[in-house]
Amino acid sequence: MGKSDIPSRPKLRPRAAVALKWPILLGTLLVYIICWKCHKFSSFNLQQTLLSVPSAEHVRNWSAYYTSEAHFVGQGLSQARWTEARWKEFGITDTQIASYNTLVPKLTGHQRLALLRGDEVLYEAPLIDDVTTKGPAGNTSFLPAYLGFSTNGNISASYVFCNFGSAEDFQDLKRANVDATGKIGIIKLANTSPYLRLRNLEVFRGEQLTNAGRAGLIAAVFYTDPQNDGPVTEANGYKAFPAGPARPLAAIERGSVTTGNRFRNPESPKLPCIPMSYADAIHLLRALNGHGPSAEELGPRWHGGGLEFYGVHYNVGPSPADVSLHLVNEADAIETPIHNVIGTIPGIISDEVVILGTHRDSWGHGAGDPGSGSAALNEVVRSFGVALRHGWRPLRTIVFASFEGEEIGQMGSFNWIMDHSKWLKASVVAYLNVVVAAAGSRFQAKASPLLYRAVLTATDIVTSPNQTVAGQSVRDVWGGTIGTPGGGDAISFIGLPCISTVDFSFSQGIGDGAFPYHTGFDSFEWMDQVGDPGWNYHITSAKIWSVMAAYLTEFAVLNTSVADYASALQKWMDELCSSNLCSSEVDLTVRDKAVQRLTRAAKSFDSYAESLRVPRNTWWRFWTGNDLNAAIRGVNKIYTVFERQFSHGRSADSSSSFHHVLYRPAAWHAEQPPLSALHDSLKKKNWKDSRKWRDVMAEKINDAAQLLEDHLEEVNQQ
Ligand SMILES: *[C@@H]1O[C@H](CO)[C@@H](O)[C@H](O)[C@H]1NC(C)=O
Ligand SMILES: *[C@@H]1O[C@H](CO)[C@@H](O)[C@H](O)[C@H]1NC(C)=O
Ligand SMILES: *[C@@H]1O[C@H](CO)[C@@H](O)[C@H](O)[C@H]1NC(C)=O
Ligand SMILES: *[C@@H]1O[C@H](CO)[C@@H](O)[C@H](O)[C@H]1NC(C)=O
Ligand SMILES: CC(=O)N[C@H]1CO[C@H](CO)[C@@H](O)[C@@H]1O
């Protein structure tokens, strides 16, 4: 057992003891001191429980349940009730459903995507992709494909191929004299591919649509090109799922084009859009063969399309005079109830809280996103339930959350946070999020620097799912990455009350089978055959999640470090200038000074906190209400509210609900640069904004330093 192992504690029910008077308390203490030597035998080992309870049979069953019926936002009541019942069964007696009304994008009328020559229909896209994937219930009551919060429209026009629809792609089109104005654009989705990430080609669908509008397009059609899957394609000899690991031709990737009303950029253009499969794209793009320049000529960003095998030459168009697309989208945002499940294990210290959450709503069956998160969370809850049955009780309060509404802008967590804002701001130490617990071999974490230690410790204690040598343990998060905070509902927690968050996932890595994210093929069968045969990634995620939670709840002094935050800030600043974004136009001295001040204060603060760490297994000393208790509570309070110092009234991207000054909302798959607002304005060479964000950041960093300095001064005066 390493030094970072979670301590075993003797069984005890301290809340009962609180009521006892001093003599009895001293007596109890004496008993524990005498019992000290024998504690090894009487104690219950939490860590061992958390590492041994999760099982493949269980996660497989949970996955089968969650994927068996449609459960898009607004359809979640029955799965909420089922989840509530399971958690109660596991022993979390305080489990409740918290419901809210929110605007949910729903199909309200007609939908169409057709290729026309004059009035003749050359091809009609089916717009539903779940014909081959029936859940265990054998039912196909899943939704046809559409994009959340798309504008309504009924448009016939000629069309052009726009690559990934990034600002650079539209510049390339302009340079090649291809006029996109008044046309429909065909755009490749680019947000979950490890290969596009390597080439720096990732872009989120909302951003693609904004760029399309700016370039003068009047509508957009999105599809996922098999190029997203690198070598794992039919062209390369792989069979498509269900026969093999390649992307099914009929898979249609859905999603929201703006993340609800919360992050809607008021300046972003509104144009209707619709998703299609690559089987559909083959028909539409073949019709462009020989028309307009070839994508190859437009630059390296345009290379690598995966449909050559199917006879697509990737000419960009525009389509010939007599050929057009007819696109109809009729979907409206309709007020609908959504249901969160919230389970609580009260801690000995009730006002220091760690929350573990995922979401349940999904565009299709959702085996990877978010069924794997829901299945893993059930195993986490079950593990802690087993611990409770042994008489164990957490030092800090643990809250489990299964949110509904993540897919349309994290509306479940957003509403719940608004409802409990004061309590959350005062007491939540960390929010630990998982959406995609299993869909590939690539580990990715997004974390506040305050939680780096938690991530490193958990991946150190838990065995990697593709480790061949047992017991081999590396402190490098298994070759994965730790990026800036965000990801699913973590966006709400880091953005609104500025609570420190971790989000982690196992997603598609190099060489893995195609993850049919947000399509009708992200099904139980896909998970069982391709995504996680053996269900080991599910189990591993459950273990990392539990161990991370225990690591944050079980030590008297919170296992975190403000010096880690200071050094992350220093690193991010250095990176900003080493990537040539800094300019003599923007003097960064004031911000550098603030970071230096924070670094000094953080080092002193961490060593003061270190001096309060009681030796392992003597936590009861802390509990007995002496000066040490007060000192530790004081330190934990500062660690808890430290992240809140970075809260700013108005966020960089003008959204009204993302207040953290260092980051911007990051969906689960995309990496976002740190110091986003400063990074973005320097990149745009907007010196006025750059100076503004430099000053705001410096002010917040100084506030954070001040918080630590004030506390140390108070302590010194005592
Ligand atoms: C999983 O589901 C199967 C079939 O419903 C059932 O027989 C089995 O007992 C379940 N296993 C667990 C661990 O719940
Ligand atoms: C699927 O569900 C619908 C409505 O709930 C029902 O009418 C239909 O018969 C079911 N189909 C199958 C194959 O079970
Ligand atoms: C779309 O517009 C055409 C031409 O105005 C009209 O005939 C058709 O009914 C419309 N379709 C829908 C679904 O509104
Ligand atoms: C699994 O192995 C691959 C190939 O060696 C590596 O890239 C990846 O990081 C590993 N993943 C984990 C979680 O260990
Ligand atoms: C990684 C780390 O800092 N672990 C520490 C967590 O807290 C305990 C007790 O306070 C220490 O013993 C660990 O070293």
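Just follow the structure's listing: the first ligand is 1, and inside any ligand the first atom is 1.
- A donor-acceptor pair under 3.5 Å links the side-chain atoms of Tyr159 to the main chain of Leu284, judged by distance alone.
- For Arg112, no heavy-atom contact with ligand 3 is shorter than 4.0 Å.
- Between His58 and ligand 1, no pair of N/O atoms sits closer than 3.5 Å.
- Between the side chains of His326 and Arg112, a donor-acceptor pair is found at a separation under 3.5 Å.
- For ligand 3, the atoms sitting less than 4.0 Å from at least one non-hydrogen atom of His110 are 13 (C), numbered in the order shown with element in parentheses.
- For atom 11 (N) of ligand 1, the nearest protein heavy atom lies closer than 4.0 Å.
- Between the side chains of Trp545 and Glu379, not a single donor N or O lies within less than 3.5 Å of an accepting N or O.
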Go through the steps for Ser374 and Gln79 under the test side chain to side chain donor-acceptor pair (under 3.5 Å), then give the verdict. CA-CA 11 Å; Ser374 295; Gln79 295 206 347; over 6 Å; no
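- At a cut-off of 3.5 Å, with distance as the only test, no side-chain donor of Ser277 or Asp129 sits close to an acceptor on the other residue.
- Distance screen at 4.0 Å: atom 8 (C) of ligand 1 has a protein heavy-atom neighbour inside the cut-off.
- The aromatic rings of Phe72 and Trp363 sit tilted relative to each other, their planes meeting at an angle between 30° and 60°.
- Ranking the protein heavy atoms by distance from atom 14 (O) of ligand 1 puts Asn61 ND2, 3.3 Å first.
- For atom 5 (O) of ligand 3, the nearest protein heavy atom lies 4.0 Å away or farther.
- Under the 4.0 Å distance rule, the nearest protein heavy atom to atom 2 (O) of ligand 1 falls inside the cut-off.
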